[in-house]
Amino acid sequence: MTEEEMRKRLEMLRIEHRDLDAAIDALTAAGANDQLQIARLKKRKLKLKDQISIIEDYLIPDIIA
């Protein structure tokens, strides 16, 4: 995977992460009693966050000062 492809993938993951955040907020605000669905969305959101972190760590390496 090239760096450009990784950047595109990173942007797609960030968009999906924001969308999930909005969906969770909407379900919570609507008073949805489907806690299982909310928990699944939150779990998916955490997985996305992990994937985002992995790609960011690869693209932005630590610089030892």
Side-chain angles (χ1 to χ4, degrees):
M1 187 178 261
T2 67
E3 185 174 325
E4 184 62 30
E5 290 171 334
M6 291 182 84
R7 291 189 188 282
K8 287 179 183 177
R9 175 78 175 141
L10 181 61
E11 185 59 30
M12 289 173 41
L13 291 172
R14 286 179 174 157
I15 290 169
E16 187 176 352
H17 187 268
R18 280 192 302 263
D19 291 346
L20 280 174
D21 197 33
I24 291 168
D25 288 345
L27 284 173
T28 305
N33 290 330
D34 192 359
Q35 295 300 317
L36 183 59
Q37 182 177 1
I38 292 172
R40 286 179 180 156
L41 291 174
K42 287 182 177 182
K43 187 174 182 179
R44 173 72 180 142
K45 187 177 163 191
L46 285 173
K47 285 182 182 180
L48 287 172
K49 184 65 175 169
D50 289 343
Q51 291 175 354
I52 289 169
S53 294
I54 290 168
I55 294 174
E56 284 177 341
D57 287 347
Y58 182 81
L59 292 174
I60 307 168
D62 291 336
I63 298 174
I64 299 173

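Values below: all heavy atoms of this structure, side chains included; hydrogens, waters and symmetry mates excluded. Quick caveat: nothing in here was measured; it's all calculated off a predicted structure.
Pairs engaging residues 23-42 under the side chain to side chain donor-acceptor pair (under 3.5 Å) rule: none recorded [sequence neighbours left out].
The hydrophobic cluster of L36 has no other members, since no ILVMFWY side-chain heavy atom comes under 4.5 Å of it. Other cluster members for I55: M1, M6, L10, L13, L20, I24, L27, I38, L41, L48, I52, Y58, L59, I60, joined by side-chain heavy-atom distances under 4.5 Å among Ile, Leu, Val, Met, Phe, Trp and Tyr.
Looking only at side-chain heavy atoms (C-beta outward), R18 and R14 come within less than 4.5 Å of each other.
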Kindly indicate, with the supporting measurements, whether the criterion salt bridge (charged side-chain N to carboxylate O under 4.0 Å, His left out) is fulfilled by R7 and E3. CA-CA 6 Å; R7 291 189 188 282; E3 185 174 325; 2.7 Å; yes

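Listed by chain and number, the residues in a side chain to side chain donor-acceptor pair (under 3.5 Å) with E16 are R44 (sequence neighbours excluded). Residues that satisfy the side chain to side chain donor-acceptor pair (under 3.5 Å) test with R9, not counting sequence neighbours, are absent from this structure. Looking at residues two or more places apart in sequence or on another chain, you find a side chain to side chain donor-acceptor pair (under 3.5 Å) between D21 and K45.
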